[in-house]
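Working notes for the structure below.
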Amino acid sequence: MAITHTPPQLAEPGPRPALASAVVALSVRDTGIDLVRACCIVGVVVLHAMMVGVTVTAAGPVFENASDGTAWIAPLSWVLQVMPLFFVIGGFAGLIAFRRQRSRGVPASAFVAARLHRLLLPAVVTIGCVGAALAMLTLAGVPADLVAMAGFRFGQPLWFLGVFLLCQALLPALAAAHERAPLRSIVSLAAAAVLVDVLRAATGVDALGFLNLVLVWTALQQLGFFLADGSIGALSRRVRALASVGAVVVLVVTWWTGVYSSDLIANINPPTAALLLVGVAHTALLSLLRDRLTRLSRRPRVAAVTAFVTTRAMTIYLWHMPVLLAMAGASALFALTTGIALPAPDSLGWWLGRPLWLALALTLTALVATVFARVEAVPSPVATGARRRLAIAVLLGLGAIVALLVVGTSVLTAALAVVLILAALVLSAEPVADRRGQCRAPTLVDLGCVR
């Protein structure tokens, strides 16, 4: 199957220049892929919302992972473990964008700088707001353990930001490897990921598994390259169907034999090669349904929802956890002030309240994303042409995320992360000339942080 893009839609007569530009930009997008990406993002919000457990005891509020020790998380994870597919789509979209820019003479460094800006600018705003909120909670007298728990829960999903940033920074090099030897490049990454799992199981050193933070996710991004260049679509439908079913069968066997957990969420920290099987199954299925998904994505209501989510993808991802934490805190405060007991996680009352909880989580996340979407929409500044500056910028951005994940999100670490990310954004941009023609480092106004 050849790669197809949405045909240009004819606008009403006499569109404004800005509207005409938007129409042209949308015309080169694959709306079916955008629909799948939107579903992945919504799936992540739903999954995390399901994991929120809040009760109030004599000792005070208790916030816990509602899925711990439950029987429902494993089957739910087989439906909502969409991260492998998200990285495949990231590889698909990234390769197309990279090749398009390269054909116009844009250097690889500019591609990386733009990706860094797109990912880190929304992040610095979110992290700064969360750090300020943690400071306010501390000043309000909220117990330190609850503040620390809130910071920890906020930081947990940030692994995606760090890994995705790394994958996108490596994309030009991985794209070159794909063009030279496509099969060898992806097989090497996949084999290395399996080897890490073998060594981890043989030695009992779980820390070895974190090597797969690079190997598994870059292999899945590499799989997206095959989707982008039409290699997967060129296979017969029978071969693709067998690949999807075969990956699921192997995944079931690994679970049945105890090689990997039946809970696919448990296979993400650290990641295991089981996620490669999930990615293969999802990618093959996506290629089979791609034409139908494209037709579905062009329906007005579906297109409107897809456009809302995809243009705010990073904002939704970054803000959904603060929204869930605020909902959990409000629930605990309600119980404390009214004396009404909250249902225990996994109880009948808890399940009856899940539809309303999920609807509220999605609605509030959408509202917050609407407010902060303007940050994600800020155009990238002129990228630096210095590769060393750009490499340091990527490392600073990664360092900020690692600090929040390893040390935990607190007022101090949030402030440190903001400084590191702002430094990364400044380094990734070309110095600008002032009114006297002298070069200076870009300011927050130049980067779009302040208007």
Side-chain angles (χ1 to χ4, degrees), residues 41 44-45 48-49 52 63 116-162 164-165 308-309 311-333 360-378 396-426 443-451:
I41 295 168
V44 169
V45 177
H48 288 167
V52 177
F63 302 94
L116 184 146
H117 181 271
R118 180 69 183 271
L119 295 172
L120 292 186
L121 185 59
V124 74
V125 174
T126 307
I127 294 169
C129 290
V130 169
L134 294 177
M136 293 174 62
L137 291 174
T138 301
L139 293 175
V142 175
D145 59 332
L146 292 181
V147 175
M149 184 280 304
F152 171 75
R153 295 297 184 191
F154 163 74
Q156 279 184 307
L158 292 182
W159 70 265
F160 165 79
L161 175 61
F164 197 71
L165 172 61
F308 178 89
V309 175
T311 55
R312 299 166 176 82
M314 187 52 58
T315 304
I316 291 173
Y317 192 89
L318 289 167
W319 279 101
H320 82 278
M321 188 55 70
V323 167
L324 293 175
L325 291 171
M327 289 173 59
S331 299
L333 183 62
L360 187 59
L362 291 171
T363 301
L364 292 178
T365 300
L367 290 174
V368 173
T370 300
V371 173
F372 289 95
R374 65 182 64 183
V375 178
E376 190 169 350
V378 171
L396 287 176
L398 292 174
I401 305 305
V402 170
L404 295 177
L405 290 171
V406 175
V407 182
T409 305
S410 63
V411 176
L412 181 60
T413 57
L416 174 63
V418 166
V419 171
L420 291 177
I421 293 176
L422 288 177
L425 291 170
V426 169
T443 65
L444 297 184
V445 175
D446 299 318
L447 295 172
C449 298
V450 178
R451 292 186 174 184

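The basis for the numbers below is simple: all heavy atoms, side chains too, and nothing from hydrogens, waters or symmetry mates.
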Separation of [Y] [atom2] from [X] [atom1] (nearest 0.5 Å):
X	Y	atom1	atom2	value
Arg312	Thr365	CZ	OG1	13.0 Å
Leu121	Ile421	CG	CD1	10.0 Å
Leu362	His320	CG	NE2	10.5 Å
Leu134	Leu146	CG	CG	11.5 Å
Thr126	Met314	OG1	CE	9.5 Å
Leu420	Ile127	CG	CD1	10.0 Å

Do the side chain of Thr413 and the main chain of Leu404 share a donor and acceptor less than 3.5 angstrom apart?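 Flag not set: sc Thr413 to bb Leu404 has no pair under 3.5 Å.
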Return yes if some donor-acceptor pair links the side-chain N/O of Tyr317 with the main-chain N/O of Val44 below 3.5 Å, else return no.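 No, the answer is negative, given that no donor and acceptor are paired below the 3.5 Å cut-off.
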Which heavy atom in [X] sits nearest to a heavy atom in [Y], and how many Å separate them?
X	Y	answer
Thr409	Ala414	CG2-CB, 4.5 Å
Phe63	Ala332	CZ-CB, 3.9 Å
Phe308	Ala366	CZ-O, 3.6 Å
Leu405	Gly155	CD2-O, 3.0 Å
Leu116	Ala424	CD2-O, 4.0 Å
Ala150	Leu325	O-CD1, 3.4 Å

Which is it for Ile316 and Val45 under the side-chain contact (heavy atoms from CB on, under 4.5 Å) test, yes or no, and what are the steps along the way? CA-CA 8 Å; Ile316 291 173; Val45 177; 4.0 Å; yes
Are His48 and Leu324 close enough that some pair of their side-chain heavy atoms sits under 4.5 Å apart?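 Yes, close enough: below the 4.5 Å cut-off.
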With side chains defined as the heavy atoms from C-beta onward, is the minimum distance between Leu158 and Met321 less than 4.5 Å?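 Answer no - side chains too far apart.
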side-chain contact (heavy atoms from CB on, under 4.5 Å) evaluation trace for Met327 with Val52: CA-CA 9 Å; Met327 289 173 59; Val52 177; over 6 Å; no
Does the plane of the ring in Phe372 sit parallel, tilted or perpendicular to the ring in Trp319? Use 30° and 60° as the thresholds.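 Taking Trp319 first and then Phe372, their aromatic rings lie parallel (interplane angle under 30°).
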Output, in order, the C-alpha distance, side-chain angles, deciding distance and verdict of side-chain contact (heavy atoms from CB on, under 4.5 Å) for Val375 and Thr315. CA-CA 8 Å; Val375 178; Thr315 304; 5.8 Å; no
